[in-house]
Amino acid sequence: MINILSNALKFTKEGKNIFITVKCTEENAEIVISDEGIGIAEDRIENIFDRFYQVDGSHTREHEGTGIGLALTKELVELHYGKIEVESEEGKGTTFIVKLPLGKKHLKPEEICEEKQEVDKEIIRQKAPELMTNGKQDTTKLDITILTETEKPLVLIADDNTDVRKYIQSYLVRDYRVLEAINGEDGLRKALEHIPDLIVSDVMMPKLDGFELCKKIKTDERTSHIPVILLTAKATGEGINNYLILLMLMLLLRIRNF
């Protein structure tokens with residue numbers, strides 16, 4: 001819902017309207033979001049749910065976006081055995097219709113996630129002395145080494161999409177210090193100011209795209225040693241996408257252990 005609403009707000013000019021209606025039957029909930037925005041060309045409607053497809057494909061696009069939002073939205077709707085449809089007319093607006101079945105009858109037992117109980121902190125405190133030997137930490141009984149905040153490597157994430165930055169950060173925040181940049185220009189400034197251990201950058205960003213950011217980083221003696229990972233929606237083929245993901249994980253693991 002956040003993705004569909006953010007698109008409606010993004011592409012609807014001030015003074016125009018966005019309408020949200022919800023209807024329920026005995027079996028389904030139907031959510032309709034209509035806007036009076038710029039609309040989508042007829043020949044592009046069939047592609048908007050494709051992963052990495054963007055109407056604005058320039059490297060310095062005007063509007064924030066990654067090309068994964070609507071694809072992910074469609075996958076989530078279908079995981080709940082629902083349907084999502086779109087109707088649009090260029091220059092007049094767009095309507096998204098989401099239909100979700102109600103209840104749990106359509107779900108398999110393994111597809112239902114019950115609320116997880118929180119770990120009992122008192123039990124952790126009682127077990128803590130078992131991990132100490134003569135007042136020192138017994139590392140043979142631990143499978144991780146806990147770093148202080150100042151010891152953690154610093155990762156700079158440069159991406160103009162807020163949701164993507166937060167998503168990447170959620171996976172890194174436990175083991176790394178994370179710095180965010182809202183575009184390439186902001187990323188360059190923060191890289192020079194903080195000298196991070198790794199830079200993860202989107203390719204398509206306003207003001208300064210990922211290629212230019214990487215070029216400036218690598219041609220400045222203050223930052224030329226910093227590894228840069230470029231995330232791109234322009235990769236062709238599943239193999240290349242998998243390669244980029246593997247490369248990112250390898251570099252992150254190397255930094256974690258340096």
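Residue numbers run from 1 in the order of the sequence given.
Using a 4.5 Å cut-off between side-chain heavy atoms of Ile, Leu, Val, Met, Phe, Trp and Tyr, with links allowed through other members, Leu76 and Leu102 fall into different hydrophobic clusters. Cluster annotation: Ile195 and Leu213 are assigned to the same hydrophobic cluster (Ile/Leu/Val/Met/Phe/Trp/Tyr, side-chain heavy-atom contacts under 4.5 Å, transitive). Side-chain heavy atoms closer than 4.5 Å link hydrophobic residues (I, L, V, M, F, W, Y) into clusters, and following such links, even through other members, never connects Val32 to Leu5. Hydrophobic clustering (ILVMFWY, side-chain heavy atoms < 4.5 Å, transitive): Ile97 and Ile31 are in distinct clusters. Ile84 and Phe19 are assigned to two separate hydrophobic clusters, defined by single-linkage of ILVMFWY side chains at heavy-atom distances under 4.5 Å.
Annotation: side chain of Leu179 is not in contact with side chain of Val155 (no heavy-atom distance under 4.5 Å). Leu192 places a side-chain heavy atom less than 4.5 Å from the side chain of Thr223. Between Val228 and Lys218, the closest side-chain pair of non-hydrogen atoms falls below 4.5 Å. Here the side chains of Val86 and Thr95 are not in contact, with every heavy-atom distance at 4.5 Å or above. Between Ile4 and Val98 there is a side-chain heavy-atom pair separated by less than 4.5 Å.
Rounding to the nearest 0.5 Å gives a distance of 9.0 Å between CD1 of Ile226 and CG of Leu198. The CG atom of Asn7 lies 8.0 Å from the OG1 atom of Thr73; values are rounded to the nearest 0.5 Å. To the nearest 0.5 Å, atoms CZ (Phe96) and CD1 (Ile33) are separated by 8.5 Å. Here Lys83 contributes atom NZ and Glu30 contributes atom CD; the two are 11.5 Å apart, rounded to the nearest 0.5 Å. Between the CG atom in Leu70 and the CD atom in Glu75 there is a gap of 11.5 Å [rounded to 0.5 Å]. Remark: Glu46 CD to Ile48 CD1 distance equals 10.5 Å, nearest 0.5 Å.
Other residues, nucleotides and ligands contribute at most 12 non-hydrogen atoms within 6.0 Å of the OH atom of Tyr167. Heavy atoms from other residues, nucleotides or ligands lying under 6.0 Å from CD of Glu42 number 12 at most. The neighbour count for Leu79 CG, taken as heavy atoms of other residues, nucleotides or ligands under 6.0 Å away, is above 12. Around CD of Glu111, the count of heavy atoms belonging to other residues, nucleotides or ligands within 6.0 Å exceeds 12. In this structure, Glu14 places its CD atom where only 12 or fewer heavy-atom neighbours from other residues, nucleotides or ligands lie under 6.0 Å away.
Arg189 and Glu185 are not joined by a salt bridge, as no carboxylate oxygen comes within less than 4.0 angstrom of a charged side-chain nitrogen. Under a 4.0 Å N-O distance rule, the pair Glu180/Lys166 qualifies as a salt bridge.
The shortest non-hydrogen separation linking Cys24 to Ala29 is SG-CB, 4.1 Å. Considering all non-hydrogen atoms of both residues, Pro196 and Leu156 come closest at CG-CB, 3.9 Å. Between Ser88 and Ile40, the shortest heavy-atom distance links the atoms OG-N, 2.8 Å.
At distances below 3.5 Å, not a single donor-acceptor pair connects side-chain atoms of Lys104 with backbone N or O atoms of Pro109. Side chain of Ser224 to main chain of Ile217: no donor-acceptor pair is present (N/O by atom type, distance under 3.5 Å, no hydrogens or angles). The backbone N or O of Met205 lies less than 3.5 Å from no partner atom in the side chain of Asn183, so there is not a single donor-acceptor pair.
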From CA spacing to verdict: salt bridge (charged side-chain N to carboxylate O under 4.0 Å, His left out), Asp220, Lys216:
CA-CA 6 Å; Asp220 191 310; Lys216 290 181 181 295; over 6 Å; no
Derivation and outcome, side chain to side chain contact (heavy atoms under 4.5 Å, CB included), residues Ile229 and Leu231:
CA-CA 6 Å; Ile229 296 175; Leu231 305 178; 4.1 Å; yes
Evaluate side chain to side chain contact (heavy atoms under 4.5 Å, CB included) for Val178 paired with Ile168, printing each intermediate quantity in order.
CA-CA 10 Å; Val178 179; Ile168 297 174; over 6 Å; no
Chi angles and distances behind the side chain to side chain contact (heavy atoms under 4.5 Å, CB included) call for Ile182, Arg165:
CA-CA 9 Å; Ile182 60 175; Arg165 290 199 310 271; 3.8 Å; yes
Before you tell me yes or no, could you show the steps for Leu107 and Tyr81 under side chain to side chain contact (heavy atoms under 4.5 Å, CB included), namely the whole-Å CA-CA distance, both residues' side-chain angles and the distance that decides it to 0.1 Å?
CA-CA 8 Å; Leu107 297 174; Tyr81 297 92; 3.8 Å; yes
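Side chain to side chain, Tyr176 and Gln169 fail the donor-acceptor criterion of an N or O pair below 3.5 Å.
With respect to Thr12, the side-chain contact (heavy atoms from CB on, under 4.5 Å) criterion is satisfied by exactly one of Thr94, Ile38, Asn17, Asp35: Asp35.
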